[in-house]
Each structure stands twice: as structure tokens, then as C-alpha cells.
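Here the structure is a predicted model, which means the values were calculated and not measured. Residues take their numbers from the sequence shown, with the count starting at 1.
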Amino acid sequence: MIKTLAASALLVFALTAPSFADEMKMECNDASMMKLDAAMKADTDPAMKDDVEMAMKEVDMAKKAMTDHKMEDCSMHLGEAAKHMMMK
């Protein structure tokens, strides 16, 4: 019974983890950056201060990567920024 339950939990995790990773990958464009920027500015929760600061750094790195035409890096940094903003 316990083995079946553990196997089921592992299967659920294995099936949902890739979709969560795909969800965190953001398209590298001005619209995505503006969306994250608006979320960071709207977040006034003092408990989120560190996460907002980290998200801002990630967005800055994404902007630089976009300027350098490194779209994969840009997308990765935007995804990291989004993760920080979701840590509520």
C-alpha cells in the first residue's frame, strides 16, 4: 500500500514538473519585461523585498541579454524573475 502510494506521488511529480518548468520559461520580449516590471512595482509587501530585488536583478540581466541578442539567456533570466515574484 505504502509503495503504491509513494509510486503514485512520484509519478504525479514527474508528470507535473516538466509543465511547471515550461510555465516558468518566458518569451524574451518587451511585453514580458513590462509585465514583470509592473508586478515588481505593485508588490509593496515588506516580506517580499528580497524577492523583488532579486527579480529586478534578473530583469536587468534579461535586458542586457536581449540587447546582446542572447534570447535563450534572456528567457532564462525572465523565468527566474517570475519565480521570485511568485514566492508569496
Side-chain angles (χ1 to χ4, degrees):
M1 172 79 172
I2 292 177
K3 286 183 182 180
T4 305
L5 187 57
S8 297
L10 184 60
L11 180 61
V12 168
F13 176 75
L15 293 175
T16 58
S19 62
F20 180 73
D22 291 342
E23 208 174 281
M24 287 289 92
K25 188 170 182 176
M26 297 186 68
E27 190 172 339
C28 184
N29 58 33
D30 290 329
S32 294
M33 288 190 197
M34 288 191 321
K35 182 178 177 181
L36 279 169
D37 192 47
M40 290 183 293
K41 288 178 181 175
D43 199 333
T44 58
D45 183 0
M48 289 293 296
K49 183 181 178 202
D50 291 338
D51 286 315
V52 171
E53 287 176 3
M54 290 302 296
M56 286 179 178
K57 289 178 184 178
E58 290 289 348
V59 170
D60 288 343
M61 288 187 279
K63 288 178 182 177
K64 178 160 179 12
M66 187 175 181
T67 301
D68 295 341
H69 304 287
K70 296 179 179 177
M71 300 314 221
E72 189 67 32
D73 290 349
C74 175
S75 179
M76 184 266 307
H77 287 299
L78 288 178
E80 289 298 314
K83 286 180 192 177
H84 285 292
M85 294 309 298
M86 292 179 63
M87 300 263 182
K88 291 189 178 205

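In the hydrophobic cluster analysis, where Ile, Leu, Val, Met, Phe, Trp and Tyr join through side-chain heavy atoms closer than 4.5 angstrom, M48 is grouped together with M56. Put simply, M61 and V52 are part of two different groups of oily side chains (I, L, V, M, F, W, Y) that touch within less than 4.5 Å, one to the next. Residues M71 and M33 are members of one and the same hydrophobic cluster, defined by side-chain heavy-atom contacts under 4.5 angstrom among Ile, Leu, Val, Met, Phe, Trp and Tyr.
Every residue was checked against the side chain to side chain contact (heavy atoms under 4.5 Å, CB included) condition with K35, not counting sequence neighbours, and none meets it. Considering only residues two or more places apart in sequence or on other chains, D30 meets the salt bridge (Lys or Arg N to Asp or Glu O under 4.0 Å) condition with none of them. Annotation: salt bridge (Lys or Arg N to Asp or Glu O under 4.0 Å) contacts of K63 (sequence neighbours excluded): none. Qualifying side chain to side chain donor-acceptor pair (under 3.5 Å) partners for K49, counting only residues two or more places apart in sequence or in other chains: none. When the salt bridge (Lys or Arg N to Asp or Glu O under 4.0 Å) test is applied to D37, the partners found at least two apart in sequence or on another chain are K41.
We find the CG-CE distance between D51 and M86 to be 12.0 Å, quoted to the nearest 0.5 Å. Atoms CG and CE, on N29 and M66 in that order, are 6.5 Å from each other to the nearest 0.5 Å. Summarising the geometry, atom CD belonging to E58 is positioned 10.5 Å from atom CE belonging to M40; distances are rounded to the nearest 0.5 Å.
A pairwise comparison of heavy atoms in M85 and D43 identifies CE-OD2, 3.7 Å as the closest pair.
Counting only residues at least two apart or in different chains, disulfide (SG to SG under 2.5 Å) contacts with residues 27-76 comprise C28-C74.
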